[in-house]
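Remember, predicted model here, so these are calculated numbers, not experimental data. Labels below follow one simple rule: chain letters A, B, ... track the order of the sequence lines, proteins then strands, and each chain is numbered from 1.
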Amino acid sequence: MSKIHVSTTVNGDAVEYLCDPRETLLDCLRDKLSLTGAKEGCGTGDCGACSVTLDGRLVCSCLVLGVEAEGKEIGTVEGIAEGDVLHPLQQKFIDYAALQCGICTPGILVAAKALLEQNPDPTEEEVRFWLAGNLCRCTGYDKIIRAVMDTAKDMREAV
Amino acid sequence: MSVAKPLPHDAAPLHVAGTARYVDDIPTPRDTLHLAFGLSTIAKGRITAMDLDAVRQAPGVVLVMTADDLPFANDVSPSIHDEPLLSDGTVNYVGQPIFAVVATSHLAARKAVRRARIDYAEEPAILTIEQALAANSRFEDGPRIYEKGDAEAAIAGAAHVIEGTFELGGQEHFYLEGQAALALPGEGGDMLVHSSTQHPTEIQHKVAEALGVPMHAVRVETRRMGGGFGGKESQGNALAVACAVAARATGRACKMRYDRDDDMVITGKRHAFRIAYRAGFDTEGRILGVSFLHHAICGWAQDLSLPVADRAMLHADNAYLLPNARIESHRLKTNTQSATAYRGFGGPQGMVGIERVMDHAAHVLGIDPVELRQRNYYAAPAGGSAPHTPRSISSEMKENTTPYGQVVEDFELHGMTEALLASSDYATRKAAVAAWNAANPIVKRGIAFSPVKFGISFTLTHLNQAGALVHVYQDGSVHLNHGGTEMGQGLFQKVAQVAASRFGIPLEMVKITATDTAKVPNTSATAASSGSDLNGMAVKAACDTIRDRMAASLAERHQAEVASVRFGNGQVEVGEARYSFAEAAALAYQGRISLSATGFYKTPKIEWDRIQGRGRPFYYFAYGASVTEVAVDTLTGEYRILRADILHDAGASLNPDLDIGQVEGGYVQGAGWLTTEELVWDDHGRLRTHAPSTYKIPACSDRPEVFNVALWDGQNREDTIYRSKAVGEPPFMLGISAWLALSDAVASCGDAYPALNAPATAEEVWKGIRRLGDGI
């Protein structure tokens, strides 16, 4: 099948790739753009390891086709830090030891950042249910929730 | 000193940036090929015809391999060579790999396998315990039996006899990174394999067998796994071997990763058990004798089932001194995935058995379940739990033996239980739960306590060894390598803390490197919670060798006693002289002192006869205790964990942050096993729960609303690395209290004992409520 040319923006950078119309955005990010931060955990939109934002909206990139990125703005974990300066969420995840094997971490950071952008003052319950689509098998989630809550507090106070 | 500090995971900065590389993230050569397996669709039978022409003609396909195409061994078993990589013509479960496709992309390979046409002569499959027993389908000739005293006589003479049978489901590991391997062919027949494995040496061994080369021609490297939990102890063999064989055949790099559904359908899981029990208690609630009958569903190949089932027997006592005990264990061979290692390795199943007995007895005798447990605890060590004191084992202590004859010398649970009951406000909350249940007809609450005593050491004694390789460079930086693998548990960081402490240097000067069979050979799997115990000691030995050489050289230079040379704060002091560690390293180099050393460790004191069921299989025990409170909707069976309180014994923790992470994650995973995680096979042997859409691991929303976790302030009585204790598996079993809390809530709906099966899904809880409500 002939490939389709896609022009899109990833973490603020204009990029282009050729893809099979059936390829997922996840595979395009990983295989064509070498952005391997988004992971395939299930391939069916149930685990959140492939979370990215598409025009600011949180999506599972395994459920989005690469061709759908045409003209859109994609945000991945690689774009969360500003150069060498970590985003407060990233620093808190380190400080709180809110990760173990780390493979869910990129998706959870993307999802948590999307939450805080639309709701800077979430309740703990809102955090727990917002992140319910991001599975973690290692941590038991406690440190993750506390890291997100504490980041939100810091970011509110910094404004 | 770096040890005992709460430092983050060594790769945390990479993880939050998304730049930590897992096998599937490693840049590959442009012409890398990708593999997928064609899987059987029946549970038992023979292949009568196989038409793979359409597969070969599929877009992107380069090679198709069947068993006939394998040049050497067709085996990926970790034990008795009973597990062919590709079907030898027989089919033993739905999902068994029959052929492999090698194609230009992952997707092309997966699409191509669907084109196969395979005809089978189907035979009756063995899927249930009843079918296996009827056919005498089992591993080993008959059951293993461990005995202490005369259980039957003790039960017969007891004031109270309780008995029951329950089902205990298996568990999918659900490591978030699926199985993956990448093989890169080298010159002269060499092969480099990157594998997501807990056991690089096993991968090396099986790849060498499959390629018909000595082990020296195969190098296996594992930087990290995205979760293991036992599921990557033997289950990665197939991918690594298939990739290596394909790489040899094509001369190109070959990579394979299982799609999640394939992963769940192909790979083994935790052993499901049926446990029957009969126990006799006196009127005070003291157990006089207990008899357990374990039926373990092992699947089609032996894999690690024998030691798993043994460990279940070895934890049939948990924290309780059983004066008389009999444990009979049947290891049944069925036409399902080959059950394998999973965090706790059978221990959790054995422990759930005795916790069920205690819970049932407390209900029948009308004694508080915690009180009844405490009355049956092993005795505390003479002289309290203070470390470093010579142990005097009184004659009473000699009676403090497990059903397999090991004396329990380090029992910590008396003090831990009292501390946890106080910190969790157990008595008040127990009364509040009763008051709530009296006032509320629909939502019922339950609260339960459970202790953990978990034996530390591989029961296969020779596995209790480890090696390390340490280099000090002339700028004072240190290269660290050992046989342990990193799967998220923080092993690499804990061992690096040991190395930094031995040299007295900042942690930043120690480079953590990938596990590599070319650096440290003949390693054991990172399993049995042994990672930091074994590798920490091996690294300590290597560091001390180099340190002693540096000290001797400096002492000679300054005409000082070797013992007077001190390492600390990044410096080395000899008398009045003071060098930075880098200067000391440079001087040693110039003095022609070797700054590279290997280290080795083997666990002392252990010996074990698994046939007789006698000996000291464990160097020591790790302890824990938990209290869980739940709320149950009696109309639907749905429930929530409201609060969990945990006190866990990690000895003198090498890193409290990482250890608490293990405890929290272990509890949640253990609670998941016993509550929402249900594996369902249909009558044809097809696993119907093969993705997160149908298999429910705990999510963020399931986390206890109140979650209090603390480490017990203690030290290992045995001489382990900095007196720490293993922490990988033991906390998993803290989750048993969640299951017991559900039982407690259900018990408030009637007079009978709820007798829940596990997992206690909402459906199972609902059924339990109906049973009690109907007075059955």
- Note on the structure: Checked B:Ala20, B:Ala691, B:Pro698, B:Gly178 vs chain A; the most non-hydrogen pairs under 4.5 Å come from B:Pro698

- Note on the structure: Checked B:Pro8, B:Pro13, B:Pro692 vs chain A; the most non-hydrogen pairs under 4.5 Å come from B:Pro692

- Item | Salt bridge flag under 4.0 Å for residues A:Arg137 and B:Glu177 | no

Please flag which part of [X] lies under 4.5 Å from any non-hydrogen atom of chain B: side chain, backbone, both or neither.
{"X": "A:Leu109", "answer": "side chain"}
{"X": "A:Glu125", "answer": "neither"}
{"X": "A:Ile145", "answer": "side chain"}
{"X": "A:Ala49", "answer": "side chain"}
{"X": "A:Asp27", "answer": "side chain"}

What part of [X] is in contact with chain A, defined as an atom under 4.5 angstrom from a non-hydrogen atom: side chain, backbone, both or neither?
{"X": "B:Arg21", "result": "neither"}
{"X": "B:Val16", "result": "both"}
{"X": "B:Thr19", "result": "neither"}

- Query: Which residue, B:Asp25, B:Asp24, B:Leu176, forms the side-chain contact (heavy atoms from CB on, under 4.5 Å) with A:Lys39?
  - Reply: B:Asp25

- Give the member of A:Thr105, A:Leu89, A:Thr44 that has the highest number of heavy-atom pairs under 4.5 Å with chain B. A:Thr105

- Message: Within the supplied structure, the quantity of interest is the number of heavy atoms (other residues, nucleotides, ligands) at a distance under 6.0 Å from A:Arg146 CZ; does it exceed 12?
- Response: yes

- Task: Please say whether more than 12 non-hydrogen atoms of neighbouring residues, nucleotides or ligands are located less than 6.0 Å from CZ in B:Arg114.
- Result: no

- Apply the side-chain hydrogen bond (donor to acceptor under 3.5 Å, both in side chains) test between A:Gln100 and each candidate in B:Gln662, B:Gln489, B:His9; give the one that qualifies. B:Gln662

